[in-house]
Amino acid sequence: MPRSYALIDCNNFYASCERVFRPGLRGHPVVVLSNNDGCVIARSAEAKGLGIPMGAPFFKWRALLRRHGVAVFSSNYALYGDMSARVMRVIARFCPEVAVYSIDEAFADLTGVPGGASAFARRFKATVERWTSIPVSIGIGPTKTLAKLANRLAKRHARLQGVFDHAASPDPDRVLRHTDIGDVWGIGPRHAARLRKLGVNDALAFRDLDQSWVRKKMTVTGLHTLLELRGQPCLGFSEGPADRKTIVSSRSFGHPVSSLDELLEASAQYTVRAAERLRSQGAVASHVLVFLQTNPFRPGLPQYSASQAVPLPVATAHTPALIRAAQAGLTRIYKEGFDYKKCGVMLSGLEPANGRWLSLLDLPPDDTPRHAPLMRAVDALNARWGRDTVTFAASGSKDAPWRMRREMRSPRYTTVWEELPKVRAD
DNA sequence: TCTGGGGTCCTAGGACCC
DNA sequence: TCTGGGGTCCTAGGACCC
């Protein structure tokens, strides 16, 4: 029996989150900016209507945004992460099998739900919206790729009212014919351009290509996309977040940085974040990679970028040990006389904390027996009282100039007591 | 005279995703 | 002055081993 997969996708998620606590902004254009207020990463429908593209650099669009009275927000991940968790909880409550795919999307297996997938999805969509105030669209199909494609249509055509089941369509091929090749999930700009040159302009033409040609030119990933468009599932459906294989933490700086001391602080800060995520998935890392780079958008200035992998004697999740490794690597690649734009830390060689290999040499593991309880205590305090309640001196002061700019951030309405919205009857 | 073949691991680069 | 951050998967090629 064919499966019935649904993709539930929040509409303009970050912009919708901002509107939940600012109902006056409904019907009003809203955009959300990336870190450092660099570029536009979310747009409400009204903002899209003004022709503001995804990724538009803020400084180039500032005047137009002001002219149209667009509400502009710095990103507020504390808010979005919490709203996402609320949406996902509602989804998990009603759908038998759920795989969270990203902060604003989840796949659900609706095979065999009573009353049929479409009717179920319509009721369910209304519930999510009532309980969270976040609008969603639902696409349904026999494979994840077709569900994704159906979701695009559900969003685009008002008459579908946010729900579309590809399998229930009277003319499924027509749907594919009207889907641009570049809009197919898994076909990026490179492959799209190449396929267009060959006259393959839409999903239908791609679906009917020769399998072995696609396998050869686009590797098995391309072949999977093709088979999924034919209705043959190739992408697994896994519940629960997969454990990461690498963890990256990096940021562009609020201002250019050239001193080693500041870079050491920043690298310590990013290591602290990465180590938190490492412990939250119950893992230890065997390598720390540290990298830094100047601003590639300023080709006139001297450019330098470098990275250095530092192996750890024993895989660990102990923040001070990871900081020491990152800083040692950074010191090795640092060169004076450059304006650095960005640095970052990557943890790799991840393994479960229980059941890892220990060295036969006499180096005592960094995080046992005394260190593991210390990290647990730090994590517990920060979970209870808020991020960075306890932090590490190596990461420098909270107002260091390298820290990112977020000048238009909304309150963290749902996660910080002091920023709760106040309701008052006057 | 005859100069193999298969396997693993690592890295870099490409492509894609949200 | 100002152009995000965090991931995954695949492949090719080199080093190394037996």
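Naming convention: chains lettered A, B, ... in sequence-line order (proteins, then strands); numbering from 1 in each chain. In this text, all values refer to a predicted model and were calculated from it rather than measured experimentally.
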Between [Y] and [X], does any NZ, NE, NH1 or NH2 come within less than 4.0 Å of an OD or OE carboxylate oxygen?
X         : Y         : result
Asp339(A) : Arg298(A) : no
Arg196(A) : Asp180(A) : yes
Arg403(A) : Asp399(A) : no

How would you label the contact of [X] with the nucleic acid (heavy atoms, under 4.0 Å): base, sugar-phosphate, or nothing?
X         : result
Leu33(A)  : nothing
Pro296(A) : nothing
Asp104(A) : sugar-phosphate
Arg62(A)  : nothing

Base paired to dG14(C) (Watson-Crick or G-U; both N/O distances under 3.5 angstrom):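 dG14(C) is paired with dC9(B).
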
Is there a side-chain polar atom (N or O) of [X] under 4.0 Å from OP1 or OP2 of [N]?
X         : N       : value
Ser250(A) : dG6(C)  : yes
His191(A) : dC16(B) : yes
Arg190(A) : dA15(B) : yes
Lys342(A) : dG5(C)  : yes

So if I take every side-chain heavy atom of Ser249(A) and compare against dT3(C), dG4(C), dG6(C), which nucleotide ends up nearest?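 Side chain of Ser249(A) sits closest to dG6(C).
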
Distance check needed: dC16(B) P versus Tyr101(A) OH, whole Å only.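 Tyr101(A) atom OH is separated from dC16(B) atom P by 13 Å.
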
Atom P, compared across dC2(B) and dC18(C): separation rounded to whole Å: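 To the nearest whole Å, 28 Å.
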
